[in-house]
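Model, not experiment: these values are computed from the prediction.
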Amino acid sequence: MAGGVSGRTDPFPGPAPVPRARVKRFLRGSEEKAPRAVAPRLRWHLKNLGIREKSAAEKAARWEPLLPEEPGFLEVEPGEDSARISQREIADAVDIGSAAKHFELRLEQFGPYRLDYTRNGRFLLLGGLRGHVAALDWGSQFIPFLPYHFLLAATFLPYHFLLAATFLPYPFLLAATFLPYHFLLAATFLPYPFLLAATDPAMALMHLGHANAMAQDPATALIHLGHANGTVSLWTPNAAEPAVRLLAHRGAVRAIAVHGSGRLMATAGLDRKIRIFDLRTFGVLQEWGVPIGASQLDFSQRGLLAAACGDLLQIYPKLDSGSPPVAPFLQHRIYPKLEPPSPVAPFLQHRVPSPARGLRFCPFQDVLGAGHVMGFSSVLVPGSGEPNLDALEQNPFRSRRQRQEWEVKALLEKIPAELLTPDPALLSRVDTAGMEQKHQERVQRLGFDPTSKPNF
């Protein structure tokens, strides 16, 4: 092709090719050869749909190197153990804005605390057992209010100004999580071992004992419950029985976490072991022991795993290899040394442990939040958050008008609860067996086959 004034021929005409492996990461689902559609208009629509999907994946893969931000990292000298690096050393090495995100909140009067972050990582919800609920904006002020009853569970709803909380003497709610794309609130409570899905009132009686742990699969929106008999069950609000049930530990399951890709599930039990399951085959990929049974687990956006073993927080690297991690990537003790007691003689003394009751990675931030008896700790974890965000999906800097438009769009695009399934690829497949059965029923009803061609 002759180009411009020089008249030279371009040796590489057209756009540069994109590696197939990079494009495959942006494709959703697997390609399936469906039966040839009869209607020409339907064939044209399906063909264009496939072309647009491949074009969007190719453009996303082509523009990926142009992303402005890079993930953080922690680099150590040869022979140095990264787990021995303290939070003070990390705070001194990072910029002022990142160092300000490492802080401690001393709230002994209302602990222990549970916590939750909004999906854009801007707001933090703290809920103390003794009735303290507060919303914290990273860039502005602290907004607390005090209910009169003991708080048992709290979680954010789709917006930062809406939250769900349960207090005594109402039903003993153990855990709650919100499904953002379905506008459903899933919760477990005592004294009845039920799974409750709100807004479409559905109760499923669980014959597996009390649910000690609860997690949501970000990819399929299934609810994972860990029970006292060591089993893990996967639930959907449109079924009265668990979709999947597996034996995870010999003792009770204390904590569950699901990877953002929906392929990995981490569990911790009373047998002082952490197991990593492949949710595609439900087999154990990795397993290792910890000195103290982990009570809290959480995955970061970039695949780091955080475990709360008593008052010790351990962060493990990405679980890509098949061998278990020999040592944690980073660890932080919540309170290495308590302050000396007050000179005023107390009336009563009681020594209690301070284990973490809540553990969450902050989205789009290299921050891990931990709630405990003494208050709240914000820990810096380099490389845990996704550096580049999709402003059309979750924008922490959106205005009030943008938030209102997002609310209307989210309600219009709400996914029905009937579409929840362990395998989302089933929704894109053609049910050939059902088509054949409907065809046979139509033939029996009419007395002849309307699609058959007459012989002349």
Enquirer: Show your reasoning for whether salt bridge (Lys or Arg N to Asp or Glu O under 4.0 Å) applies to K409 and E405.
Expert: CA-CA 6 Å; K409 182 180 178 181; E405 294 178 355; over 6 Å; no
Enquirer: For residues S233 and P242, report the shortest heavy-atom separation together with the two atoms involved.
Expert: CB-CB, 3.9 Å
Enquirer: If you take all heavy atoms of F364 and R119, which pair is closest and at what distance?
Expert: CE1-O, 3.6 Å
Enquirer: Might you confirm whether atom CZ of R272 has over 12 heavy atoms from other residues, nucleotides or ligands at distances under 6.0 Å?
Expert: no
Enquirer: Roughly how far, to the nearest 0.5 Å, is the OG1 atom of T267 from the CD1 atom of I276?
Expert: 7.0 Å
Enquirer: Taking all heavy atoms of V290 and all of Y316, pick out the closest pair and write down the distance.
Expert: CG1-OH, 3.7 Å
Enquirer: Any chance you could measure Q296, atom CD, to R360, atom CZ, to the nearest 0.5 Å?
Expert: 7.0 Å
Enquirer: Hey, could you give me the CZ/CG distance between F178 and L185, rounded to the nearest 0.5 Å?
Expert: 7.5 Å
Enquirer: Do the non-hydrogen side-chain atoms of V232 and M265 ever get within less than 4.5 Å of each other?
Expert: yes
Enquirer: Would a 4.5 Å heavy-atom cut-off, applied to side chains only, mark Q394 and L389 as touching?
Expert: no
Enquirer: Counting C-beta onward and ignoring hydrogens, is there a side-chain heavy-atom pair between S384 and L368 closer than 4.5 Å?
Expert: no
Enquirer: Quick one: CD1 on I274 to CZ on R254, what's the gap to the nearest 0.5 Å?
Expert: 11.0 Å
Enquirer: So which atom in G303 and which in H259 form the shortest heavy-atom distance, rounded to 0.1 Å?
Expert: CA-NE2, 3.5 Å
Enquirer: If you compare all heavy atoms of N212 against all heavy atoms of A252, which two are closest, and at what distance to 0.1 Å?
Expert: ND2-CB, 3.8 Å
Enquirer: Say whether, by atom type as modelled, one donor and one acceptor occur between the side chain of T118 and the main chain of F123 under 3.5 angstrom.
Expert: yes
Enquirer: So how far is it from Y113 OH to L126 CG, rounded to the nearest 0.5 Å?
Expert: 7.0 Å
Enquirer: Are Q87 and V379 close enough, and set up right, to give a side-chain contact (heavy atoms from CB on, under 4.5 Å), and what steps lead you there?
Expert: CA-CA 7 Å; Q87 285 292 302; V379 182; 3.2 Å; yes
Enquirer: Are L304 and V381 packed together at the side-chain level, in the sense that at least one heavy-atom pair is separated by less than 4.5 angstrom?
Expert: yes
Enquirer: Flag the pair R106 and E104 as a salt bridge only when some basic side-chain nitrogen lies within less than 4.0 angstrom of an acidic carboxylate oxygen.
Expert: no
Enquirer: Is there a donor-acceptor pair closer than 3.5 Å between any side-chain N or O of S378 and the backbone N or O of K101?
Expert: yes
Enquirer: Could you go step by step and tell me if V244 and L279 meet the side-chain contact (heavy atoms from CB on, under 4.5 Å) rule?
Expert: CA-CA 10 Å; V244 178; L279 293 179; over 6 Å; no
Enquirer: Would you compute the distance between atom CG of D311 and atom NE2 of H372 and round it to the nearest 0.5 angstrom?
Expert: 9.5 Å
Enquirer: Does the side-chain contact (heavy atoms from CB on, under 4.5 Å) test come out yes or no for V133 and L125, once each step is laid out?
Expert: CA-CA 7 Å; V133 179; L125 174 64; 3.9 Å; yes
Enquirer: More than 12 heavy atoms of other residues, nucleotides or ligands under 6.0 Å from CG of L247: is that the case?
Expert: yes
Enquirer: Please indicate whether R357 has more than 12 foreign heavy atoms, meaning atoms of other residues, nucleotides or ligands, lying under 6.0 Å from its CZ.
Expert: no
Enquirer: Are the side chains of V258 and Q216 in touch, meaning some heavy atoms are under 4.5 Å apart?
Expert: no
Enquirer: For the residue pair H132 and F110, does the interplanar ring angle fall in the parallel (under 30°), tilted (30 to 60°) or perpendicular (over 60°) class?
Expert: tilted
Enquirer: Flag yes if more than 12 heavy atoms outside E393 fall under 6.0 Å of its CD atom; otherwise flag no.
Expert: yes
Enquirer: Measuring only between side-chain heavy atoms, which start at C-beta, is L124 closer than 4.5 Å to L115?
Expert: yes
Enquirer: What's the verdict on side-chain contact (heavy atoms from CB on, under 4.5 Å) for L246 and F277, showing C-alpha distance, side-chain angles and the deciding distance?
Expert: CA-CA 10 Å; L246 59 95; F277 290 87; 4.0 Å; yes
Enquirer: Looking at L420 and P237, what are the two nearest heavy atoms and their distance?
Expert: CD1-CD, 3.2 Å
Enquirer: So I223 and M214, do their side chains get closer than 4.5 Å, heavy atoms only?
Expert: yes
Enquirer: Any side-chain heavy atom of T236 sitting closer than 4.5 Å to one from L222?
Expert: yes
Enquirer: Does any N or O in the side chain of Q301 come within less than 3.5 Å of the main-chain N or O of E386, such that one atom is a donor and the other an acceptor?
Expert: yes
Enquirer: Between D271 and K273, is there a side-chain N and carboxylate O pair less than 4.0 Å apart?
Expert: no
Enquirer: Could you tell me if R263 sits above the aromatic ring of F299, with its cationic atom closer than 6.0 Å to the ring centre and no more than 45 degrees from the axis?
Expert: no
Enquirer: For the residue pair F103 and F376, categorise the inter-ring angle as parallel (less than 30°), tilted (30 to 60°) or perpendicular (more than 60°).
Expert: tilted
Enquirer: Should K54 and E58 count as an ion pair when the cut-off is N to O under 4.0 Å?
Expert: no
